[in-house]
There are 2 protein chains.
Amino acid sequence: MKNRDSRLPLYQRLADEIRDQIASGKFKPGDRIPSENEFIAQYGAAAGTVRQALQELVDEKILERVHGRGTFVKKAFDSTLFRFFRFNQNSNAPPESRMLSRELVTPASYVQRQLKLNDGDKVIHLTRLRLIDGQPALFEEINLKHEGFEHLLDYELSSFEDLLYPMYAEVCDQFIFRAEDTLCVEESTPEIRRLLRIDESLPIVAIERLAFNFGSTPVEWRRSRGRADYFKYRVDIR
Amino acid sequence: MKNRDSRLPLYQRLADEIRDQIASGKFKPGDRIPSENEFIAQYGAAAGTVRQALQELVDEKILERVHGRGTFVKKAFDSTLFRFFRFNQNSNAPPESRMLSRELVTPASYVQRQLKLNDGDKVIHLTRLRLIDGQPALFEEINLKHEGFEHLLDYELSSFEDLLYPMYAEVCDQFIFRAEDTLCVEESTPEIRRLLRIDESLPIVAIERLAFNFGSTPVEWRRSRGRADYFKYRVDIR
DNA sequence: TAGTGGTCTAGACCACTGT
DNA sequence: CAGTGGTCTAGACCACTAG
């Protein structure tokens with residue numbers, strides 16, 4: 001174990017070690033990591049101590065343990081923005097996506113700050129419509145770090161997957177681990193009304209998302225908009 | 001330990017036991033519960049097993065452990081509805097409350113269902129305004145189970161506390177432990193505009209809250225409304 | 001059956017709190 | 001100082017999974 005502050009408890013240092021190995025890509029989502037006994041042998045710690053380290057990462061939703069099989073790096077999390085809406089869904093068809101545009105651009109200063117970019121860094125800017133039962137439901141503007149996502153520029157827009165995070169993983173070896181969503185209510189603009197096929201001047205809900213990889217580096221910033229009359233969200237407070 | 005399914009792990013039965021004792025009122029929020037050693041002596045379990053039971057209740061946010069002092073039943077949680085808004089707050093003055101009305105009424109059927117009331121059960125219906133810097137910010141309609149909250153009928157409206165949950169605890173010995181908040185966006189009505197002193201026809205955000213005691217019994221249902229242009233909410237997804 | 005994680009024991013010693 | 005929770009050890013045995 002390299003350069004760990006020995007004032008920290010052993011189980012903490014062990015957890016940090018494993019977390020860093022995941023962030024560095026040594027273990028990827030879906031991989032099985034070493035068993036308890038292997039960690040015990042490798043670090044000379046007691047079983048209870050190793051378990052405590054692993055439990056910490058389970059609580060952080062980085063790891064999943066399966067009785068009899070092993071301990072795995074978590075693969076995906078439920079990132080759907082549709083959690084914030086209830087649509088009059090007739091079928092149970094999954095949402096579709098229609099990519100509208102892709103450009104390599106200089107980011108707005110707000111986006112630059114959110115993604116912690118250096119001056120001159122560019123972003124891949126995507127726009128897409130999300131549809132439920134064929135009806136436009138969300139309009140999305142997506143900004144990705146250029147570095148790490150270059151391969152997205154090679155694909156035809158029409159061949160983009162409906163779900164982007166699995167596609168980032170496949171195509172770019174980039175794994176989204178968590179996100180911060182910020183919601184507010186706005187007036188609809190003529191453009192939004194056209195895209196979402198709204199007649200009246202309904203308010204809309206805007207969701208800004210900053211998404212992070214396992215190393216806690218922000219890699220994607222997006223703004224999604226949907227009609228406010230379909231907005232419905234439940235939180236548990238405790 | 002009475003009537004616990006012995007097929008369950010010991011630490012589970014112990015956790016259930018303690019949880020039930022809290023729900024029954026044997027231990028109240030703020031109380032210190034027995035120490036590890038006392039549980040070890042009482043149940044003949046090993047230290048690690050007792051710790052596992054206690055850790056489970058800490059994860060559920062029922063207990064708090066303080067090194068050197070003991071293990072305590074959690075006192076309060078951050079229940080403020082202002083989490084959903086950002087007001088142009090000049091001072092850092094805490095929100096005030098202005099009680100508008102109180103009635104003992106037959107609940108609407110929706111409220112009756114939410115609070116799991118029997119036919120004929122009445123509810124205490126309160127309305128109040130919440131103010132920030134003296135400006136109306138939220139209008140609230142609150143429905144409380146009659147049973148358990150009778151003492152609220154004895155108080156002058158003007159002597160109600162700004163924060164209701166501490167008042168429920170003091171006056172009625174009723175402790176709110178968690179809540180489910182459901183948000184949506186609505187058109188404003190003339191009455192809401194009058195109460196919140198809104199000129200234009202702004203949309204509003206409505207928050208419906210169902211609040212539970214330690215025994216997971218719903219005891220309060222309320223609907224709160226505020227201007228949608230002040231709505232702003234952040235969630236972490238993982 | 002071998003290997004994994006889950007439960008449980010019975011200690012030791014440390015770190016923090018209040019008196 | 002006594003009493004609390006926090007860290008850590010070195011085992012045992014059980015329950016689940018896969019080959």
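Just so it is clear, the values below take in all heavy atoms, side chains as well, and ignore hydrogens, waters and symmetry mates. Below, read A as the first sequence line, B as the second, and so on, with proteins coming before strands; counting in each chain starts at 1.
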Phosphate OP1/OP2 of D:dT9 contacted by A:T49 side-chain N/O (<4.0 Å) | yes
Please give, in whole Å, the distance from C:dA10 P to B:Y43 OH?
-> 18 Å
Quickly work out the B:I40 CD1 to C:dC8 C1' distance and round it to whole Å.
-> 12 Å
Nearest of D:dT7, C:dA15, C:dA10 to any side-chain atom of A:P9?
-> D:dT7
Would you say D:dT4 has OP1 or OP2 under 4.0 Å from some side-chain N or O of B:R65?
-> no
Using the ring of B:F212 (Phe, Tyr or Trp, six-membered ring only), decide whether B:R178 places NZ or CZ under 6.0 Å from its centre and within 45 degrees of its axis.
-> yes
Are any of the side-chain nitrogens in B:K75 or B:E64 under 4.0 Å away from the carboxylate oxygens of its partner?
-> no
With sugar-phosphate meaning primed atoms plus P, OP1 and OP2, does B:L54 contact a base, only sugar-phosphate, or nothing at under 4.0 Å between heavy atoms?
-> nothing
Round to a whole Å and report the spacing from CD of A:E64 to C1' of C:dG5.
-> 14 Å
Nearest-angstrom distance from the residue atom CZ of A:R13 to P of D:dT7 = 12 Å
Got a second to check how far B:I22's CD1 is from B:E17's CD, nearest 0.5 Å?
-> 11.0 Å
Paired with D:dG19 by Watson-Crick or G-U wobble geometry, both distances under 3.5 Å: which nucleotide is it?
-> none
Residue closer to the 5' end of DNA chain D, B:E36 versus A:V50 (nearest nucleotide) = B:E36
Distance check: side-chain N/O of A:T71 vs OP1/OP2 of C:dG5, anything under 4.0 Å?
-> yes
Answer yes or no: does a side-chain N or O of B:Q52 lie under 4.0 Å from OP1 or OP2 of C:dT7?
-> yes
B:N37 CG to D:dA2 P, in whole Å, measures 15 Å
Please determine if a side-chain N or O atom of A:S35 lies less than 4.0 Å away from the OP1 or OP2 oxygen of C:dG3.
-> no
Does a side-chain N or O from B:R69 land closer than 4.0 Å to OP1 or OP2 of C:dC16, or not?
-> no
For B:F77, does the CZ atom have more than 12 heavy-atom neighbours from other residues, nucleotides or ligands under 6.0 Å away?
-> yes
When you measure from the side chain of B:A46, which nucleotide among C:dT4, D:dC8, C:dA10 comes out closest?
-> C:dA10
Taking the six-membered ring for Trp, does B:H67 stack with C:dA15 (centroid gap under 5.5 Å, planes within less than 30°)?
-> yes
In whole angstrom, what separates B:L63's CG from D:dG6's P?
-> 12 Å
Does a side-chain heavy-atom distance below 4.5 Å link A:D181 with B:D236?
-> no
Options C:dC8, D:dG6, D:dC8, nucleotide nearest the side-chain atoms of A:Y11 | D:dC8
Parallel, tilted or perpendicular: which fits the ring planes of B:F177 and B:F214, with parallel below 30° and perpendicular above 60°?
-> parallel
What's the CZ-C1' distance between A:R32 and C:dG3, to the nearest Å?
-> 8 Å
B:R51 CZ to D:dT9 P, straight-line distance once rounded to whole Å = 15 Å
